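All ligand and atom numbering here is 1-based and tracks the order in the structure. All of these numbers come straight from a predicted model, not from anything done at the bench. Heads up: numbering here begins at 1 and tracks the sequence.
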Amino acid sequence: MKPARRGAGVQQRRHAAATEPAFSGHALSDRTLDPDDWQTFRELSHRALSDMIDYLATAADRPVWQPPPATVRARFARCSPRHGRDLGEVLADFTSHIKPCATGNTHPLFLGWVHGAGTPVGMLTEMLAAGLNANCGGRNHIGIVLERQLTRSFAHLFGFPAQASGVLVTGTSMANFLGVLVARTAALGQTTRVEGLRAGPQLTAYTSAEAHGCIAQALELSGIGSRNLRHVAVDAAGAMRLDRLDAAIAKDRRQGRLPFLVVASAGTVNTGAFDNLDVVADVAKAHKVWFHVDGAFGALAAFSRPLRPLVAGIERADSIAFDLHKWAHVPYDAGFLLVRDAQKHRSTFANERAYLQRTPRGLGAGKVWPRDLGPDLSRGFRALKVWFTL
Ligand SMILES: *Cc1c(COP(=O)(O)O)cnc(C)c1O
């Protein structure tokens, strides 16, 4: 038996609980998911890392993509094995059957579907984050500190106030959805969380005919319904026609509906068209509706002096959704929602439960936790790979 490590007790009890019947008479202390032999583990891990570095360094020598061969598909059509195998064997399976059949977006000639390629540094940070295995839903640790620093940095980048609020999510589809929820709560008040959408006039939202499909989906998921999303016609450059936007909002209001949200695109997925954000901001302000920007890849034009004019006016948005896994090439997945009014963001998601109560000090301390800014409670350390990349 290997010598006990400091702090290993809780871990061993936890592992034992997962594998033992509740009242087994086994001594709990000799069961663990740690390697039996750390030296072998170290050697296998070093080799795996080295192989993956080769894989990235020689990406251009391979075809961009190949379909998983029938033999490989057949292999994974069976249930996973019931008996444990040595890590070395499982790594060999990875090398033979999994690694050659990935998406291909790490290849320099992969140009499809607005995919990011990731980076070698990104790969390294995923490993470091897994080593820490931090739960970044909240509490008092460095993961929360880092995510807050990212929020402050993005607020600065986009010309938002320093107190703006933000949260890492899986991607822009999720960020847009959360943005719609914040806009809805801002329009109807916090009671809509409890009462639902029953009372009051029909909410309506506006976006361009070229907007990403996840905007309509966000309206569906929010319960508002995609029928209440108006797809405004675009001009020859693919940008939303703002005279039409203005007219559509005015018409709905005349007919007794409640326009609450306009979603502008900073880079459409079909053609890379940018809506004129400054004028959208004027229209949104005139009609007192929430101004959200879907900037999945295009918002990051703000990082570039020559491209920044494309997103002029983004600093006037109420909220911005964007991805780090596209143009910034952070490994999947990493999207972000930035909200100007931190109180409105928090009041959409925060709730009080005994197990979420803040303590005055210790690991349970802290004011605003990421779990107050979105629906996820347990969440990984996405902030680390974004921080390293930036
Ligand atoms: C990619 C994209 C989305 C969806 O983002 P995901 O990260 O894939 O969820 C939304 N809008 C636009 C304009 C996009 O390019």
Side-chain angles (χ1 to χ4, degrees), residues 102-106 110-119 122 126 150 154 158 166-183 205-222 226 229-232 234-235 237-240 245 261-277 280 290-304 307 310-311 313-314 317-339 373-376 379-380 382-383 385-386 389:
T103 321
N105 51 312
T106 53
F110 186 104
L111 301 173
W113 302 291
V114 203
H115 274 44
T119 64
E126 285 280 59
L150 290 177
F154 290 130
F158 292 120
V167 67
L168 279 160
V169 291
T170 44
T172 293
S173 301
M174 182 58 81
N176 282 328
F177 173 44
L178 301 190
V180 167
L181 295 179
V182 178
Y206 307 81
T207 195
S208 93
E210 286 292 310
H212 194 277
C214 67
I215 307 298
Q217 181 183 256
L219 270 289
E220 290 172 5
L221 295 175
S222 67
S226 48
L229 175 66
R230 313 285 181 240
H231 284 286
V232 177
V234 295
D235 62 19
M240 181 153 56
L245 172 65
L261 164 71
V262 53
V263 179
S265 304
T268 60
V269 68
N270 283 329
T271 65
F274 282 74
D275 290 339
N276 186 330
L277 302 182
V280 177
W290 189 273
F291 171 27
H292 175 83
V293 176
D294 174 359
F297 62 92
L300 298 195
F303 275 116
S304 151
L307 296 181
L310 289 170
V311 294
I314 201 168
D318 292 300
S319 51
I320 310 173
F322 57 98
D323 276 324
L324 287 317
H325 55 218
K326 287 177 174 170
W327 219 351
H329 297 284
V330 170
Y332 286 97
D333 46 31
F336 205 89
L337 174 68
L338 187 69
V339 180
L373 307 174
D376 292 320
R379 44 201 296 285
R382 289 194 189 100
K385 60 191 176 184
V386 179
T389 302

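Considering backbone and side-chain atoms together, Thr268 places no N or O closer than 3.5 Å to any N or O of ligand 1.
Among protein heavy atoms, atom 7 (O) of ligand 1 sits closest to Asp323 OD2, 2.6 Å. Among protein heavy atoms, atom 11 (N) of ligand 1 sits closest to Asp294 OD2, 2.7 Å. Ser173 OG, 2.6 Å is the protein heavy atom nearest to atom 9 (O) of ligand 1.
The proximity of Ser265 to ligand 1, defined as any non-hydrogen pair under 4.0 Å, does not occur for either the backbone or the side chain. Contact annotation: for Ala296 versus ligand 1, heavy atoms closer than 4.0 Å belong to the side chain alone.
Using modelled atom types, no side-chain atom of Thr207 and backbone atom of Ala211 make a donor-acceptor pair closer than 3.5 Å.
For ligand 1, the atoms sitting less than 4.0 Å from at least one non-hydrogen atom of Phe297 are 15 (O), numbered in the order shown with element in parentheses. Every atom of ligand 1 with a heavy atom of His325 under 4.0 Å away is listed here by number and element: 7 (O). For ligand 1, the atoms closer than 4.0 angstrom to any heavy atom of Cys214 are 10 (C). Counting the atoms of ligand 1 from 1 in the order shown, those under 4.0 Å from a heavy atom of Val269 are 15 (O). Atom numbering of ligand 1 starts at 1 in the shown order; those under 4.0 Å from a heavy atom of Gly267 are 13 (C).
Within the set Thr172, Leu324, Asn270, the minimum heavy-atom distance to atom 5 (O) of ligand 1 is found for Thr172. The residue among His115, His212, Lys326 with a heavy atom at the shortest distance from atom 2 (C) of ligand 1 is Lys326.
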Please test Phe154 against Val386 for side-chain contact (heavy atoms from CB on, under 4.5 Å), starting from the C-alpha separation and ending with a verdict.
-> CA-CA 11 Å; Phe154 290 130; Val386 179; 4.2 Å; yes
Given the rule in the ring pair (Phe, Tyr, Trp, His ring centres under 6.0 Å) test, do Phe322 and Phe158 qualify, once you have shown the distances and angles that lead to the verdict?
-> CA-CA 11 Å; Phe322 57 98; Phe158 292 120; 5.2 Å; yes
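Partner of Leu168 under the side chain to side chain contact (heavy atoms under 4.5 Å, CB included) criterion, chosen from Leu373, Leu324, Asp333, Leu337: Leu324. Each of His231, Arg230, Met240 was evaluated against Ser208; a single residue qualifies, Met240, per the side chain to side chain contact (heavy atoms under 4.5 Å, CB included) test.
The two atoms that bring Leu310 and Phe274 nearest to each other are O-CD2, 3.5 Å, heavy atoms only.
A donor-acceptor contact closer than 3.5 angstrom links the side chains of Asn176 and His292. For the residue pair Ser265 / Asp294, no side-chain donor-acceptor distance below 3.5 Å is found, with atom types taken as modelled.
Ring geometry for His115 against Phe110 counts as tilted: the plane angle lies between 30° and 60°, on a 0 to 90° scale.
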